[in-house]
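I have placed the structure first, in the form of structure tokens, so that the comments after it can refer back to it.
Just so you know, these numbers come straight off a predicted model, no measurement behind them.
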Amino acid sequence: MDKAKKKTITNPKTGRKKTVKYGQKGKTPAPGTSKGDSYCARSQGIKKGLSPAKQRDPNSPNNLSRKRWKCAGSKSKKK
């Protein structure tokens with residue numbers, strides 16, 4: 001399945017690289033709108049279901065997508 005974005009992360013201890021793919025292909029985020037608020041609320045629920053380590057991981061697909069949508073809690077910010 002193709003995704004909109006991908007980020008390559010290098011483990012500083014081992015030097016191994018891992019590619020994380022995230023975001024829906026063909027869709028553009030609309031931060032600060034009702035659609036953005038809906039996405040942020042939904043993804044916050046997904047985040048609560050993850051393990052504590054994954055919740056804090058800045059390179060998890062859910063956290064990278066939340067950053068792209070400019071989520072702050074369950075709301076999406078314009079700036």
Intermediate values then yes/no, side-chain contact (heavy atoms from CB on, under 4.5 Å), Thr10 and Arg16: CA-CA 6 Å; Thr10 304; Arg16 289 185 179 189; over 6 Å; no
side-chain contact (heavy atoms from CB on, under 4.5 Å) between Lys7 and Thr19, worked out: CA-CA 6 Å; Lys7 182 177 181 181; Thr19 301; over 6 Å; no
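Side-chain contact between Lys18 and Thr8 is absent, with no heavy-atom pair separated by less than 4.5 Å. Side-chain atoms of Arg56 and Pro52, non-hydrogen and from C-beta on, do get closer than 4.5 Å to each other. Looking at Tyr22 and Lys6, their side chains never come closer than 4.5 Å, going by heavy atoms from C-beta outward. Arg68 has its side chain within reach of Lys5: a pair of non-hydrogen atoms, C-beta onward, lies under 4.5 Å apart. Residues Lys75 and Cys40 fail the side-chain proximity criterion, which asks for heavy atoms closer than 4.5 Å. With contacts defined as side-chain heavy-atom distances shorter than 4.5 Å, the pair Pro58/Asn63 does not qualify. Within the 4.5 Å cutoff, the side chain of Tyr39 has no heavy atoms near those of the Pro29 side chain.
No donor-acceptor pair under 3.5 Å is formed between the side chain of Asn11 and the backbone N or O of Lys17. Asn62 places a side-chain N or O within 3.5 Å of a backbone atom of Ser43 that can act as its donor or acceptor partner. Remark: the backbone N or O of Gly73 is paired with a side-chain donor or acceptor of Arg66 at under 3.5 angstrom.
The CG atom of Asp57 lies 10.0 Å from the CG atom of Leu50; values are rounded to the nearest 0.5 Å. Taken from CG in Asn59 to NZ in Lys54, the straight-line distance is 9.5 Å, to the nearest 0.5 Å. Here the CG-CH2 distance, from Leu64 to Trp69, works out to 15.0 Å after rounding to the nearest 0.5 Å. For the atom pair SG (Cys71) and NZ (Lys47), the distance works out to 9.0 Å, reported to the nearest 0.5 Å.
Residues Pro31 and Lys77 share a closest heavy-atom pair of CB-O, 3.3 Å.
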